[in-house]
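Report on the following structure.
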Amino acid sequence: MPETLYKVGKIVNTHGIKGEIKVLSYTDFPEVRFAKGSELMIVPEDGGKPVDVTVDSSRLHKNMYIIKLDGYDNINDVEKFKGSMLKVGKEHLVELPEDEYYFHEIIGCSVVTDEDKELGVVTEILTPGANDVWVVQPKGGKSVLIPVIDDVVLDVDIPNQKILVHIMEGLLD
């Protein structure tokens, strides 16, 4: 089993009697993740042994994906997977365009201002709407919220886990 797995969906229920599952998508790339032939791993919520599966077919239905897995042909075969997570290993991640990053690449990065002041470490990413917001935890004190916009985020150096930001007037008040 790969050491790092990434969530792409959660199996919330079965669908019909022919072995289909209802999946709540956690991925920005459902057309890739749930495409015919895509390899996924079912990680049971009870901590049981992960199961490698291959997607036979999928379709979007009421904001959920209905997925048929190769070799699972009736409801009794998939009932046990309810509540389990669908994950992929690092080797199955989709390559992102330049200046786009996965959450796991940003969380844990240290944040420094263009005036060489250390702000802290990104601990969480919020997605409220127009742009993401990084929650930066300093060594002491309250969290700082950094909007992910071009005027604020100047450079993201993933290999060195360092982010350079410009603090606009009023941002830290």
Side-chain angles (χ1 to χ4, degrees), residues 1-12 23-45 47 49-55 58 60 63-65 67 83-173:
M1 181 168 105
E3 43 308 319
T4 306
L5 296 174
Y6 302 97
K7 294 177 190 174
V8 296
K10 180 175 183 168
I11 301 171
V12 294
V23 174
L24 178 60
S25 177
Y26 289 175
T27 178
D28 286 338
F29 310 103
E31 68 284 348
V32 174
R33 286 291 157 240
F34 308 136
K36 182 176 177 65
S38 181
E39 295 175 1
L40 303 171
M41 189 176 293
I42 296 175
V43 179
E45 68 177 341
K49 188 175 189 298
V51 179
D52 292 317
V53 294
T54 303
V55 175
S58 71
L60 186 59
N63 295 328
M64 298 264 189
Y65 280 83
I67 299 176
S84 299
M85 297 302 297
L86 286 174
K87 297 186 177 188
V88 294
K90 190 172 190 165
E91 69 278 8
H92 293 291
L93 291 180
V94 174
E95 195 165 317
L96 297 177
E98 191 174 328
D99 293 334
E100 287 189 25
Y101 308 95
Y102 283 105
F103 282 17
H104 71 269
E105 293 176 311
I106 297 297
I107 292 174
C109 286
S110 62
V111 180
V112 179
T113 70
D114 52 357
E115 295 173 346
D116 214 28
K117 178 183 177 206
E118 196 161 319
L119 288 183
V121 175
V122 179
T123 58
E124 185 180 359
I125 299 174
L126 308 175
T127 56
N131 55 273
D132 290 350
V133 176
W134 293 338
V135 179
V136 178
Q137 184 62 53
K139 285 189 171 94
K142 293 193 316 187
S143 297
V144 177
L145 301 178
I146 303 292
V148 183
I149 55 176
D150 291 341
D151 290 344
V152 175
V153 178
L154 304 177
D155 185 54
V156 177
D157 182 356
I158 295 299
N160 293 311
Q161 294 248 287
K162 195 169 193 170
I163 297 171
L164 181 66
V165 297
H166 171 71
I167 300 303
M168 297 167 60
E169 191 173 326
L171 191 61
L172 296 180
D173 297 337

Please round to the nearest 0.5 Å and tell me the distance separating atom [atom1] of [X] and atom [atom2] of [Y].
X      : Y      : atom1 : atom2 : value
Ile146 : Ile106 : CD1   : CD1   : 12.5 Å
Lys7   : Leu86  : NZ    : CG    : 12.0 Å
His104 : Ile125 : NE2   : CD1   : 10.5 Å

Of all the heavy-atom pairs spanning [X] and [Y], show the shortest one and how long it is.
X      : Y      : result
Ser38  : Val32  : OG-O, 3.6 Å
Leu164 : Thr113 : CD1-O, 3.5 Å
Pro44  : Pro50  : CD-CA, 4.1 Å
Glu118 : Lys139 : OE2-NZ, 3.6 Å
Asn131 : Pro147 : ND2-CB, 3.7 Å
Glu39  : Thr54  : CG-OG1, 4.3 Å

Let me see the working for Phe103 and Thr127 under side-chain contact (heavy atoms from CB on, under 4.5 Å), right down to the final yes or no.
CA-CA 11 Å; Phe103 282 17; Thr127 56; 3.7 Å; yes

Taking the side chain as every heavy atom from C-beta outward, state whether [X] and [Y] have any atom pair closer than 4.5 Å.
X      : Y      : value
Thr27  : Tyr6   : no
Val165 : Leu154 : no
Met64  : Leu24  : yes
Leu40  : Val88  : yes

Hey, what's the ring geometry for Tyr102 with Phe29, parallel, tilted or perpendicular (30° and 60° as the breaks)?
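Tyr102 vs Phe29 ring planes: perpendicular.
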
Can you name the one residue among [options] that meets side chain to side chain contact (heavy atoms under 4.5 Å, CB included) with [X]?
X      : options                : result
Trp134 : Ile163, Val121, Thr123 : Ile163
Asn160 : Ile158, Asp157, Val156 : Asp157
Tyr26  : Met85, Lys87, Arg33    : Met85

Counting only heavy atoms not in Glu100, do more than 12 fall under 6.0 Å of its CD?
yes

Under a 4.0 Å threshold between the charged nitrogen and the carboxylate oxygen, would Glu45 count as salt-bridged to Lys10?
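Looking at Lys10 and Glu45, the cut-off is not met.
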
Could you check Asp150, Asp151, Asp114 and say which one makes a side chain to side chain donor-acceptor pair (under 3.5 Å) with His166?
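Answer to the side chain to side chain donor-acceptor pair (under 3.5 Å) test with His166 among Asp150, Asp151, Asp114: Asp114.
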
Flag, side chain of Ser25 to backbone of Pro30, donor-acceptor distance under 3.5 Å
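Answer holds: no.
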
Derivation and outcome, side-chain contact (heavy atoms from CB on, under 4.5 Å), residues Val55 and Val53:
CA-CA 7 Å; Val55 175; Val53 294; over 6 Å; no

